[in-house]
Amino acid sequence: MSQPHQSMRLADYRPPAYTITDVDLTFELEDHQTRVTAVSQVVRQGETQAVLELDGEHLTLLALTVDGEDKTPEQQTDTALVLTDLPEQFELKVVTEIDPANNTALEGLYKSDGTFCTQCEAQGFRRITYFLDRPDVMAKYSVKVIADKHKYPSLLSNGNLVERGDLDDGRHWVRWQDPFAKPCYLFALVAGDFDCLTDRYTTGSGREVALELYVDKGNRHRGYHALASLKKAMQWDEQVYGLEYDLGVYMVVAVDFFNMGAMENKGLNIFNAKFVLADAESATDDDYFNIESVIAHEYFHNWTGNRVTCRDWFQLSLKEGLTVFRDQQFSADMASPALVRIKQARVIREHQFAEDAGPMAHPIRPEEVMEMNNFYSVTVYDKGAEVIRMLQRLLGQGGFRKGMDLYFERHDGQAVTCDDFVQAMADANGVDLEQFKRWYSQSGTPQVTVQSEYDAKHQQLILTLSQHTPPTQDQADKQPLPIPFGVELVDEHGSRSEVLSLSESEQRFCFDHVASNPAIACLTGFSAPVKVKQTIADSDLIRIALKGQDDFVRWDACQTLFSQHIHQLAEDSSRNSSEQVSEALSELIAELLKSPPEDAALLAEMLMLPSFDTLSQQQDIVNVDGLLRARKLIVTRLAQEFATQWQQLVDERPKQDYAYTAEQANWRRLLDRAMFYLAHSELPEAETQLQQVYQDSDNMTQTLGVLTGCQQANLSLFDSLMSDFEQLWRKDSLVMDKWFSLHASRPQDDMAGQLESLMEHPMYSINNPNKVRAIWGPFAMRNPQAFHQADGRGYRLLTDYLLNLDSVNPQVASRLVTPLLAFKRFDLGRQQHMRQQLERLAEQATLSRDLYEKVTRALKG
Ligand code: B3K
Ligand code: ZN
């Protein structure tokens, strides 16, 4: 195994011995030899002889002075510079040289195609200069950028542009000043040649804000949706939280090479182009939705993240959980609230529960971290958002808002902890949230068992709820949590609902005046990120699905019904047909199609079978072959039984021009579902009909719907449409990612040749994370048939690739290793194959810290 990397512990947090109040940075941009001069005003906060340890990686140190005098560091290592004998206050000047063009890790300053850009969160600033790279050091920045004027007409950084000029060697320069003190992770710089879309926004209090969106040349027409989304988000935050933007300019830059979605740098967001660019022909409704939500997310960070930031990285959920919660609220207000909630529940069930069940289990506030980038996780983000949602439910909307107001009043301009946040909520509402804090420190997925007794004579229903959180790899002992548990009782007369507060291991709840034995729908609105154990009859599930008031439980009842039948069929390998088990399913589908819910998106979701990942979370040991077989049988059966209805839905699709409106998007979601089933229907005319839809299409949503249906049903039409699609889009990088994904997620046994030929495509590059993710993400995460081949060939293919990728971009490699970490949840044969591959990784002498942390945790568990 490679060199042991060190872990950091929350318990070891100490305030910094020195802080930096002001920084003056000068960048002389060159591909391979960019010179960075950092002049910092340093102030001692600790004891007199305190040493100053500056973080720095991949840097060439050219000069170092203290108050103008040369300084020799006491120690210089690969990751730090240690200075001693320092005055109480001084000016520190550090000159370093860096190589942005060879920075394939895309952390710090790097080149993305022809553009210079930065990514500093979490610890990328230390790749730019030696610095106190920690969020509790907050300084005011003044930044001068010097670069070739012809190649880089736009030179951007945080704050306000205060000066600019030309040099006589063909270069020009600008100076930016950010009036707000910030941690270095929010620093940003961009230099490039863009098309710029501009707009204006006037805040509630009358401040004029210039909005500027920078995109690759020729892509201007694809920027309007992002710009409109930004304005909606600005307005929403004023209305809902009373929060206004605070600078004169808000810039968003789209780049092609980016490790994740986007970054909330103060006043200068940098985005993966995928979350900015959209037009009807090239982007799907989901792309439009995601753009709106990511634009909003980054904008909302200006208050929850930038104005009030994290004291240390263990507190990441302070800003991420809260900001995800805010972007979800916003999205629900913009589109179908039911759909937004269902999507979120799916993320938790498919991915977050899986994280809890594996070697990377951690609380939303982790206690031990080796590589911080590994903790930008579904737990910190999405479970973090669920925790905020529970808090809001507990305090009510008004109480929550009071808590937010107090949080900003107390902590604006500070770097604080999750405890500070909860305390503000508690104080604003005069409540005790001590037990609630366990949600921050305890990892794992609580299981709530529901038992009911109905007493017809007294018209009384008693619900007994008990909670139990199984041990996780990081934490053996668990305590009861406060769980808001929404229930809806549905009988033939109607329904009533209530949110029960479960806080002990077991509690009884009594309902009076219950006229008849009701169907009990649990977790209305997905009220808590827990698993529910309940024995429930098919007839009750159907009743909830058709008569329930709460959209989430209506959908969930369908999911449970599907799951129960799939699991039964999966366990019985002698059954090759779903005839005997599908009566209840047929009844459900028939009723749904006869009297559908008003929201077409909700209907589309109700008609969708649970994914392989959701199903596998419901088993202790995943029965890969059984689940795949059973799921397919049921799809085919429903496709055939309702073939004419699917056909009719497809035929009757509205034909108006594309617009991204909630109504149209919801309808297209239903069309997608109908096409999926039609493709599986084995009707002789299905292919012709689907081809017609493809030809008629004026938008990517519809086109991709046809392709996905054909791909899943393995129709020969798929190949011809895919070559047509490639002819049309081969020059368009973002659209080609969809083409790569469709190939990589095509269910088949042997993917080696396919993957190889995808990587020979001129558009593919191992240096571009979008390309890597478009191919390897779907293969490893959405193609169980190929990835989980019983002889282990899928695992080997992924590992071969990771061994190359790790030295290029460890962060992206570390995301892709996730499916292998779950090896203990598979049968012995697969377990062994997966473990072998993890061992191959572990044997690498040069394994990155990112992969090292995950692989060692997995093998030691
Ligand atoms: N805060 C960034 C994520 C940074 C990830 C660093 N590996 C984007 C976001 O959550 O808004
Ligand atoms: Zn965020």
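What you are looking at is a predicted structure, and each value in this text was computed from that prediction instead of being measured. Counting convention: from 1, in listed order, for ligands and their atoms alike.
- Nearest protein neighbour of atom 11 (O) of ligand 1, counting heavy atoms only, is Glu298 OE1, 2.8 Å.
- Closest to atom 1 (N) of ligand 1 among all protein heavy atoms lies Glu121 OE1, 2.6 Å.
- Considering the Zn ion (ligand 2) as centre, the angle to NE2 of His297 and to OE1 of Glu320 is 110° (10° rounding).
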Quick one: do Phe375 and Glu853 satisfy side chain to side chain contact (heavy atoms under 4.5 Å, CB included)? Show the steps, please. CA-CA 11 Å; Phe375 290 82; Glu853 177 171 39; 3.5 Å; yes
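- Of all protein heavy atoms, the one lying nearest to atom 8 (C) of ligand 1 is Ala262 O, 2.9 Å.
- Residue, atom and distance of the protein heavy atom nearest to atom 10 (O) of ligand 1 are Tyr381 OH, 2.4 Å.
- Only one option out of Val308, Asp327, Thr304 pairs with Leu322 in a side chain to side chain contact (heavy atoms under 4.5 Å, CB included); it is Thr304.
- Residue pairs that meet the salt bridge (Lys or Arg N to Asp or Glu O under 4.0 Å) test with at least one member in residues 223-244, sequence neighbours left out, are Asp199-Lys231, Lys232-Glu292, Asp237-Arg326.
- Atoms of ligand 1 lying under 4.0 Å from any heavy atom of Glu264, numbered from 1 in the order shown and given with element: 1 (N), 2 (C), 8 (C), 9 (C), 11 (O).
- The nearest protein atom to atom 7 (N) of ligand 1, hydrogens excluded, is given as Asn373 OD1, 2.7 Å; this is a heavy-atom distance.
- Counted within 6.0 Å of CZ on Arg815, heavy atoms from surrounding residues, nucleotides or ligands total 12 or fewer; the atom is thus considered open.
- Residue contacts with ligand 1: Glu107 is excluded, as none of its non-hydrogen atoms falls under 4.0 Å.
- Here atom 5 (C) of ligand 1 lies nearest to Tyr376 when heavy atoms of Trp313, Phe375, Tyr376 are compared.
- Within the structure, the closest approach of Met372 to ligand 1 does not fall below 4.0 Å when heavy atoms are considered.
- Close approach to His301 involves these atoms of ligand 1, each under 4.0 Å from a residue heavy atom: 9 (C), 10 (O), 11 (O).
- Every residue two or more places apart in sequence or in another chain that forms a side chain to side chain contact (heavy atoms under 4.5 Å, CB included) with Arg410 is listed here: Leu406, Gln423, Ala424, Asp427.
- No cation-pi contact links Lys182 to Phe187, judged by a cut-off of 6.0 Å to the six-membered ring centre and 45° from its axis.
- Aromatic ring orientation, Trp776 versus Phe779: perpendicular (interplanar angle above 60°, classes split at 30° and 60°).
- Annotation for ligand 1: atoms under 4.0 Å from non-hydrogen atoms of Met263 are 1 (N), 2 (C).
- Heavy-atom proximity to Lys319, at under 4.0 Å, picks out these atoms of ligand 1: 1 (N).
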